[in-house]
Amino acid sequence: LFSALILSASLACGTVLAGDIDPAKVPDIKKTEAQLYLSPKEVFEMKKSGGDKVLLVDVRTGAELEYVGAADIIDAHIPYTIDDPTSWDDKRKAYKKDANSNFMTKIEEWAEKKSIGKDDTIILMCRSGDRSAKAADLMAKAGYTKVYSAVEGFEGDKAKDGENKGKRTVNGWKNAGLPWGYDLVKEKMYFE
């Protein structure tokens with residue numbers, strides 16, 4: 001309750017305090033230059049408390065949202081990368097991903113639509129925190145100052161051992177029991 005009060009007060013004052021994620025413990029692949037990270041519960045609280053003053057963007061591919069699900073409270077879906085069904089990544093054992101050349105254009109469109117300025121709070125979420133970190137750095141280079149990465153992502157990290165080894169059961173939005181579903185809202189989805 002105390003953290004929720006602090007968060008509400010900080011949003012009202014224009015600053016956001018986050019405390020669950022220690023930047024020193026964030027894996028290199030998930031690090032951002034601004035070091036602004038949120039846990040799933042912090043994302044949920046910040047979005048609920050900040051309402052329209054916080055833009056929550058899911059940066060996963062459309063297929064990920066469609067088949068894995070999405071947080072009920074996202075404002076927009078703008079993929080950071082696009083699957084290329086014509087080429088294969090042997091290391092990842094998956095289709096190669098190409099950078100979405102429309103990413104920043106779509107971010108700017110949604111920011112304008114929601115009256116979000118470059119100094120307002122934007123939260124990016126991907127599967128496990130890798131792509132959201134890269135997207136946050138791209139946005140920082142474009143002048144956005146409060147871009148947070150949902151460091152555990154929607155699905156979380158893979159278990160390293162035990163019966164769930166290799167499955168995304170460690171952390172993340174879904175594993176935190178936060179609201180999500182398979183019903184997507186067309187007006188929030190990405191179209192080229």
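- For the pair K41 (side chain) and L178 (backbone), a donor-acceptor distance under 3.5 Å is absent.
- Evaluation of the side-chain hydrogen bond (donor to acceptor under 3.5 Å, both in side chains) test over residues 51-61, restricted to residues two or more places apart or in two chains, returns D58-R60, T61-E64.
- Few gaps surround CD1 on I73; more than 12 heavy atoms of other groups in view lie less than 6.0 Å from it.
- When side chains are defined from C-beta on, K134 does not count as touching T81, because their heavy atoms never get closer than 4.5 Å.
- Checking side-chain atoms of D137 against main-chain N and O of E33 turns up a donor-acceptor pair under 3.5 Å.
- With a 4.5 Å cut-off on side-chain heavy atoms, V43 and Y148 do not count as touching.
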**OP:** Starting from the C-alpha separation in whole Å, work towards a yes-or-no answer on side chain to side chain contact (heavy atoms under 4.5 Å, CB included) for E108 and Y144.
**Re:** CA-CA 10 Å; E108 289 165 359; Y144 289 86; 3.3 Å; yes

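- Proximity of a side-chain donor or acceptor of K106 to a complementary backbone N or O of Y190 within less than 3.5 Å is not detected.
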Original post:
What's the verdict on side chain to side chain contact (heavy atoms under 4.5 Å, CB included) for R127 and V68, showing C-alpha distance, side-chain angles and the deciding distance?
Top reply: CA-CA 10 Å; R127 180 190 63 216; V68 179; over 6 Å; no

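- At least one donor-acceptor pair under 3.5 Å links the side chain of Y37 to the backbone N or O of T32.
- For the pair E45 and K48, the salt-bridge criterion is not met [side-chain N within less than 4.0 Å of a carboxylate O].
- Checked by atom type and distance alone, the side chain of K47 pairs as donor or acceptor with a backbone atom of G51 at under 3.5 Å.
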Show me, pair by pair, the donor-acceptor contacts under 3.5 angstrom made by side chains of residues 155-165, not counting sequence neighbours?
from : atom 1 : to   : atom 2 : distance (Å)
D157 : OD1    : K30  : NZ     : 2.7
D157 : OD2    : K30  : NZ     : 3.0
D157 : OD2    : N171 : ND2    : 3.1

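- For D84 and K97, the salt-bridge test fails: no basic side-chain N is under 4.0 Å from an acidic carboxylate O.
- In this structure the side chain of M189 reaches within 4.5 angstrom of the side chain of L65, judged on heavy atoms.
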Original post:
Where do K114 and D75 land on the salt bridge (Lys or Arg N to Asp or Glu O under 4.0 Å) test, with the steps shown first?
Top reply: CA-CA 9 Å; K114 301 287 270 177; D75 293 302; 3.5 Å; yes

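- Partners of Y182 according to the ring pair (Phe, Tyr, Trp, His ring centres under 6.0 Å) rule, which considers only residues two or more places apart in sequence or in another chain, are W180.
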